[in-house]
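Comments concern the structure below.
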Amino acid sequence: MKRTALDQTVLKVSGLHKNFDGVDVLNGVSFNINRGEVVALLGDNGAGKSTLVNCLAGRIQPNKGTIEINEQALLLNSPSASEQAGLAIVHQDLALVNELSVIENLFLNREILHSNKFLRFFGWLDKSAMAKKAQKLLQRLGTYLPDLNAPVATLSGGQKQVIAIIRAVHAGADIIVMDEPTSALGAEQYEFLMSLIRLLSSQGIAIMLISHNLHQVSMLCDRAVVLFQGYSVADVALNEVDQAQLLAYMNGAVLEMAQAS
Amino acid sequence: MMRIKLTAHTLVYYAFAITMLIFTVLLSHTAFFTTANLLNVLMQTSPIVVMAIGLSFALSVGHIDLSIGAIVALCGMVAAMLLQPFGLTIAVAASLLLGGLIGAFNGYLCERLGIPSLIVTLGMLGFLTGLSRQLSGLQSIPIIDPQFISLFGQGAVLGIPSQILWLASLVCLAYIILNKLRFGRHLFAVGASKPAAYSMGLGVSRIRVWAMALSGGFAALAGLLYAGRMQSARYAIGESDLMALIAAVALGGCSLLGGRVNIIGVLLGVWLIGCISNGLILSGFSSNEQMMVKGIILIVAVVVTSKVNSK
Ligand SMILES: Nc1ncnc2c1ncn2[C@@H]1O[C@H](COP(=O)(O)OP(=O)(O)OP(=O)(O)O)[C@@H](O)[C@H]1O
Ligand SMILES: [Mg+2]
């Protein structure tokens, strides 16, 4: 498979701990992701997946542990630090500005500026270039929106999800983390996302996909990292396990067996 | 027929049109609709427009700036005091810088201490008002520098009064910042949703401090315009403008909770209130009664804009 050619670690998470008000939510999570790899992050509700994502996104800081990107340990103390490190995130809560338009959201903090050097210096926006590019980007997920200047608040849940995904995808990131990106997608958009993820992976971009849909995961991902109550309890190649085993990891059954013996 | 959709941002157009219609009936026997009077309203409101622009920047990120009036007074006085010993350039630069720094300090305190701008700028209002009174000894400071007076007061270029030129260019500047530049877009994003803007990598605190700095800077400029027109600086200038100011931006469709700003709406909002005040004067209402009307306008404006918005 493609993995052999791209055996180069882009993201290495080691011993990540996070507690909220004395409650341990992450208890030493460790895993690697290679270039071009599609890795599933599995776990029950409350297992700590989104908390891990928030650490990667620089929204919150872990209490302990390191995050290395391209073999450099980084302090991700803000979302912009995370973005600069080459991460792009689709948050479970989408993190869109509802009052701003589709185009404004797609290009917020990565606006296309006017080609004139003088205007560029003042941050003059090139609105028509952004409008054109937005149209193109949306096509990648087979989505048509009648009015790209409409506020995101007027969109459906699935449409919002498409906007958040596209925003992450066109950031030029090395690693894209998607926290349940398909929960509201229609069947067609879902298929488009699947092929988009495959395409990105073939371009060498590493993808971490969080999903509760084990069928989807086994179709798409190379490997799965499983969290249980904040512990990373499994890191398995998906062609070596079946769904029943994955469920056992997610339910903590494997962990309990190990503790019992 | 063209129809403008009724939203918080277009409300002011209707309000303006309706008020003018009412005035043609009620004030036809007065001097309201004379060029001289309307020009007078235009001149009188120009510093208020400048303050309102400043306030719009603060509002766009979800702040309020109650210290604007006090910055107007202090910066006007500082310019007047520095004019004699240091000359025009330094006096103007120092005054603008001071205004910007006070605004930035307001913004910094809000970020640093995590307290609402309502409190920070109210405290600043008190502090600066006291300071201005102390500095001036409750005396007005006369301005005799002819260059200053011509630049900010009674001068004209090609027959257009300099106050109007300032007004036009500052409105254009604000329009460009808010609608054409990346910075303006970031202001709205931060005002609309701080967490989302932060998650998308914006420097939310930095942007909010800049917005307050602009608010202070525009207030200082308004102070210069007042000083130029009155050929003196006084500690109480700007003190009584606060209510009209907030009423005007609310009428102009600014949400007091942050978000998109329509600068043309704000301009019309100020003019509308200026016209109403003027109409009241011409109809023989006292200044006390005018104040009561302005208070009512403020409340009605906020109620109506929020009703229109939630539809
Ligand atoms: N800001 C916070 N303050 C306190 N507790 C938190 C906070 N964020 C998350 N938690 C807790 O951390 C635990 C893990 O939450 P997290 O959102 O990471 O789960 P998840 O694996 O993403 O679940 P789901 O599949 O439902 O999205 C939960 O018990 C949650 O209550
Ligand atoms: Mg989650």
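Order of the sequence lines fixes the chain letters, A, B, ..., with proteins taken first and strands second; residue numbering starts at 1 for each chain. No experiment lies behind these values; they were computed from the predicted model shown. Values below: all heavy atoms of this structure, side chains included; hydrogens, waters and symmetry mates excluded.
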Under 4.5 Å to a heavy atom of chain B? For A/Leu119 that would be neither
Taking the ring of B/Phe57 and the ring of B/His63, is the distance between their centroids below 6.0 Å? no
Cut-off 4.5 Å, heavy atoms of chain B, and the answer for A/Asn98 is neither
### Task
Measure from NZ or CZ of A/Lys18 to the centre of the six-membered ring of A/Phe20 and say whether it is under 6.0 Å with the direction within 45° of the ring axis.
yes
Looking only at A/Ser80, A/Ala81, A/Ala88, most heavy-atom pairs under 4.5 Å shared with chain B are made by A/Ser80
Taking atom types as modelled, is there a side-chain donor on A/Ser211 or A/Asn213 under 3.5 Å from an acceptor on the other?
no
* When you check the side-chain N and O atoms of B/Ser215 and B/Asp65, is any donor under 3.5 Å from an acceptor? -> yes
Scored by heavy-atom pairs under 4.5 Å with chain A, the best of B/Gly184, B/Ser193, B/Gly191, B/Ala192 is B/Ala192
Looking only at B/Asn179, B/Leu202, B/Leu181, most heavy-atom pairs under 4.5 Å shared with chain A are made by B/Leu181
Applying a strict 4.5 Å limit to non-hydrogen atoms, the region of B/Ile176 in contact with chain A is side chain
Checked A/Lys127, A/Arg110, A/His91, A/Arg167 vs chain B; the most non-hydrogen pairs under 4.5 Å come from A/Arg167
- Item | Residue pair A/Val169 / A/Leu200, side-chain heavy-atom distance below 4.5 Å | yes
Looking only at A/Glu99, A/Arg59, A/Glu83, A/Glu104, most heavy-atom pairs under 4.5 Å shared with chain B are made by A/Glu104
Discussion item. Taking the six-membered ring for Trp, are B/Phe16 and B/Trp271 closer than 6.0 Å centroid to centroid?
Written reply: no
